[in-house]
Amino acid sequence: MHSKKALVFAVIGAALVVAAGSAASAQTRLYSPEAEQKAQALLKQMTLDEKVGQLNESSGIVMPGLGGKKPDELIARGGVGSILWLSDSKEINRLQHIALEKSRLHIPILFGFDVIHGYRTVFPVPLAMASSWDPSVEEQAQHLAAQDARAAGIEWTFTPMVDIAHDARWGRIVEGAGEDPYLGAAMARAQVHGFQGKQLGPDSVLVCVKHFAGYGAADGGRDYDSSYVPEELMHNVYLVPFHAAEQAGAGAFMSAYMDLNDVPASGNHWLLTDVLRKDWGFQGIVLSDAFAVGSLVTHGYAKDGEDAAYKAITAGLNMDMASLTYSQHLAQLVKDGKVSESYLDSMVLPILEAKYDLELFEHPYVDESKVDAMLTRPEGLTLERKVAARSMVLLRNENHALPLSKGLKKIAVIGPLADSTRDIEGGWTVEGLFGQGSKSHPVSVYAGIKDKLGPNAEVTLVSGPVPSRIYPGLLDQMAGRKMTPPPTAAETADWIAKTKAAAEDADLVIAVMGETAGMSSEAASRATLDLPGIQQQLLEAAVSTGKPVVLVLENGRPLDIRWASEHVPAILEAWYSGTEGGNAVADVLFGDVNPGGKLPVSWPQTAGAEPLFYNHNLTHEPEDRPGFTSRYWDISSKPLYPFGYGLSYTTFKYSDLRLSKNSIATDGSNEVSVNVTNTGSVAGDAVAQVYIHQRYGSASRPVRQLKGFERIALQPGETKTLKFSLGKDELQFWSPQSKEWVVEPSMFDVWAGGDSTASLHAEFSVTQ
Ligand code: BGC
């Protein structure tokens, strides 16, 4: 991994800022000293209005409520620092020409977009990539996405989304790395490195780490709803991946929509200044989420637009995404002396610095003739197929139902998602979102299976009615998808009959079920986690024939699959697996790839079990005891599948867990080693996981916390010894009593194994 220091130019004399906080360290400047000098010089030439202009990110597309026109005039006046929501390179160039030729200081525009999981080659959704438990593969994917994006004119991506999610009802769980801060931090770092590279330059893309912070703790899992997160939970859980991204050199953060402990994140001084800038020493850009500065009025936090601009800028928010509130009010606030010009300068500076380091002044335009060739590079699709297969999680495999034989002659592929090319890529696809329309050619599961088996097998398709949301989803609307009414009783009976007939006629059924892409992601929360529409009925119809059935899930959150987990012998969680998704599913089903993905979330029995996460505290009556306990009366409060879980076509044994010391001092470190053996007959990947528990101290600590993992490939019979370090970074926590990061004298448990229920145990003490 690159260190933050590698990102910056190490030049003697660079300003040093001392960061406090959990990993207090001396930091060099985020942006290069050359960029700083140039930015300072440019700032001196700028008028007040031009400075305010740099703090405005305008919509590149015409949107109702945004004046109904393109931002051309505003750009010519120097009133736009950044443009978002444009993927058409021609239009990007057109607007850049206005900025460079018509605005007084010729400052290039920074073009931003949500390049979340690929550009034209769409990678698996982030929750899937986190399931790979392989940060290096996510880094490779995001690096390829960065190259594509930059070639197409996007220099800033609104990724990584590092929100911890404890509740599968929350639709945006699909965009992050799940429930765990340690895994989340690893995936956050990988994405920062993938996009930005070792240092910002003409080939890299600036990241925007979002949504700062606590967005995933929305009440009831309802998107945008308030979050109430005590300070200790912020520090110990929600802020951890953000801090990791910041330490990895992230150049920008995005403030969240919701209010955190009653103060909206986009006007929250504690978050944007006290934590981010003062504690962590962040020197980059804070961008609001879309319209979030204007929304400070809607929240009932700001009196009017002027107050919203005042509260956001003084909280530490540099740039206003799309609401034009800064454009309308900031200059007046400075003229009235409510915001000092030197403070305003400090808000503008990192935006100019980023533009210099990204070399926008030298390379402002897209070479339109090269875009398509770049976006269709075959290595993109090859990497996508690999990442997709690596991200899949085998949830159940009774009696070695999988892998399937390539000699199968008759297969029925069923379910409304089986041949859907629009759903397999999931939401947030750049070209699919606005304007241009998707130009990728996704492979459905049905197509992937047909291709794998070739002409010797008969593969029949019985789809089914596409499940619909009651309310059209944001992404559905953007993709122009109409809501369809649920099927009538007669239509349902007809689909069931067709499914049964196809199953009876086949040697094996592959049911592809889950959620349409628009059912996950923003404004896509659900109150139930059932298989939507009539999919459950179709699945039961197929199983009732007695034919072997394999369930392939295509979705962005854990679903209620209690029935399937008892009645369907094989279940593969494929998530929204991207452009080559269907091929990758076929690779796994037919054994060309042995699945090694693990769950980055605890899989609930049902929606009523949410929020659910493995790293909770012990109660005074732990669930395992008889009598009064913390469990539900009607279901087990244990997950259906635990965090870190996933099967393989082979088996692994963990043994010989050793610690280098029985006791360490609070500033010491202990080395854990464990042997992992492939005990089966095929090669496969294990993900060794190390968990700890602090038995007592100044606060109750979680029953288990992930503190180390590694994905390794093992040949049959092969054993590898893995080593993990438990030092300050792993043992410390933010104590609600002393209000600081502490390593406390205590006894610590250590477990190593293949998931969060691992039983191989050791212990050590930490002494003063
Ligand atoms: C989302 C952000 C996204 C932004 C720009 C908002 O609605 O919350 O995640 O980056 O739009 O598209």
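Whatever order the structure lists them in is the order used to number ligands and atoms, beginning at 1.
- Counting heavy atoms closer than 4.0 Å to ligand 1, residue E57 contributes nothing at all.
- Close approach of ligand 1 to H211 (heavy-atom distance below 4.0 Å) involves ligand atoms 2 (C), 8 (O), 9 (O).
- Residue Y215 places no N or O, backbone or side chain, under 3.5 Å from any N or O of ligand 1.
- Below 30°, between 30° and 60°, or above 60°: for F643 and W133 the angle between ring planes is between 30° and 60°, a tilted geometry.
- Near K210, meaning under 4.0 Å from one of its heavy atoms, ligand 1 places the atoms 2 (C), 3 (C), 9 (O), 10 (O).
- Taking every non-hydrogen atom of D114 and a distance limit under 4.0 Å, the qualifying atoms of ligand 1 come out as 3 (C), 5 (C), 10 (O), 12 (O).
- Ring pair H243/W280 is parallel by interplanar angle, where below 30° counts as parallel and above 60° as perpendicular.
- Between W603 and W575, the angle of the ring planes lies from 30° to 60°, which puts this pair in the tilted group.
- Of all atoms in ligand 1, listed by their number and element, those nearer than 4.0 Å to a heavy atom of M254 are 10 (O).
- Not one N or O on the side chain of H363 forms a donor-acceptor pair closer than 3.5 Å with the backbone of L358.
- Between Y224 and Y257, the ring planes lie perpendicular to each other; the angle is over 60°, past the 30° to 60° tilted range.
- Using a non-hydrogen distance threshold of 4.0 Å, M161 does not register as a contact of ligand 1.
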* **Step-by-step salt bridge (charged side-chain N to carboxylate O under 4.0 Å, His left out) determination, R120 to D372** => CA-CA 9 Å; R120 186 165 306 160; D372 268 327; 2.7 Å; yes
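- For the pair F291 and ligand 1, no heavy-atom separation below 4.0 Å is found.
- Considering every non-hydrogen atom in both Y576 and T516, the closest pair reads OH-O, 2.9 Å.
- Among the atoms of D289, some N or O lies under 3.5 angstrom from an N or O of ligand 1.
- Between Y257 and ligand 1, at least one pair of N/O atoms sits closer than 3.5 Å.
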